[in-house]
Amino acid sequence: SFTEKYFLCEDKTRKIHPALVCDGQKNCADLSDESGCDCPRRNNTVLGNQTLRLETEDFLYLHHLKTSAIFKCTHIFSGLNVCSTPGDGQPECSGTFKEGVWESKDEVKIDHFWR
């Protein structure tokens, strides 16, 4: 049925699209959508006794679902774990800012990040 496609938060307060599970953002109040995530994220992954089924389009457009998103790290803004693609030019992981250069764990160096 239509509702079975969605992930039910462990506290049963809401259902979210499976693409929002393990994306580094808190979508469930109890954080059950971000607990126990592995990289890379595969279709039919089981999380919280639920099988997460995704459409081909989800994998094409969402960075944390790409097969190249093999690096598990702390998200740059949310502080939650996320799967990132190393060297893709998109800093998603925490890092340091020194002398006008942002260095994140998934990107070696991005010059003039805050210009």
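These numbers come from the heavy atoms of this one structure, side chains and all, not from hydrogens, waters or symmetry mates.
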Main-chain N/O of Leu54 paired to Asn43 side chain as donor or acceptor, under 3.5 Å: yes

Within-4.5 Å side-chain heavy-atom neighbours: Phe77 and Gln25: no

Exam field: side chain Glu92 to backbone Ser84, donor-acceptor pair closer than 3.5 Å: no

Shortest non-hydrogen contact from Gln90 toward Asp106: O-OD2, 3.2 Å

Heavy-atom check, side chain of Leu80 versus side chain of Leu31, under 4.5 Å: yes

For Thr45, all residues meeting side chain to side chain contact (heavy atoms under 4.5 Å, CB included), sequence neighbours excluded: Arg41, Arg42

Heavy-atom pair with the smallest gap, counting every atom of Tyr6 and Pro18: CA-CD, 4.3 Å

Cystine candidate Cys39-Cys83, SG separation under 2.5 Å: yes

Backbone of Lys26 reached by a side-chain donor or acceptor of Glu34 within 3.5 Å: no

Shortest non-hydrogen separation from Asp23 to Leu20 and the atoms involved: OD1-O, 3.0 Å

Shortest non-hydrogen contact from Cys28 toward Phe7: SG-CE2, 4.1 Å

Any side-chain heavy-atom pair of Ser94 and Thr74 under 4.5 Å: yes

Test item: Ile16 and Val21 side chains (from C-beta on) under 4.5 Å apart, heavy atoms: yes

Partner residues of Asp38 under the side chain to side chain contact (heavy atoms under 4.5 Å, CB included) criterion, sequence neighbours left out: Lys72

Side-chain (Glu107) to main-chain (Pro91) donor-acceptor, under 3.5 angstrom: no

With sequence neighbours excluded, residues passing side chain to side chain contact (heavy atoms under 4.5 Å, CB included) with Leu8: Lys12, Lys15, Gln50

Closest approach of Asp33 to Asn27 (non-hydrogen atoms, all atoms of both residues): OD2-N, 3.1 Å

Under-2.5 Å SG separation for cysteines Cys93, Cys73: yes

Asn49 atom CG: more than 12 heavy-atom contacts under 6.0 Å: no

Heavy-atom check, side chain of Asp88 versus side chain of Ser68, under 4.5 Å: no

Atom of Ser32, atom of Leu47 and distance for their closest heavy-atom approach: O-CD2, 4.0 Å

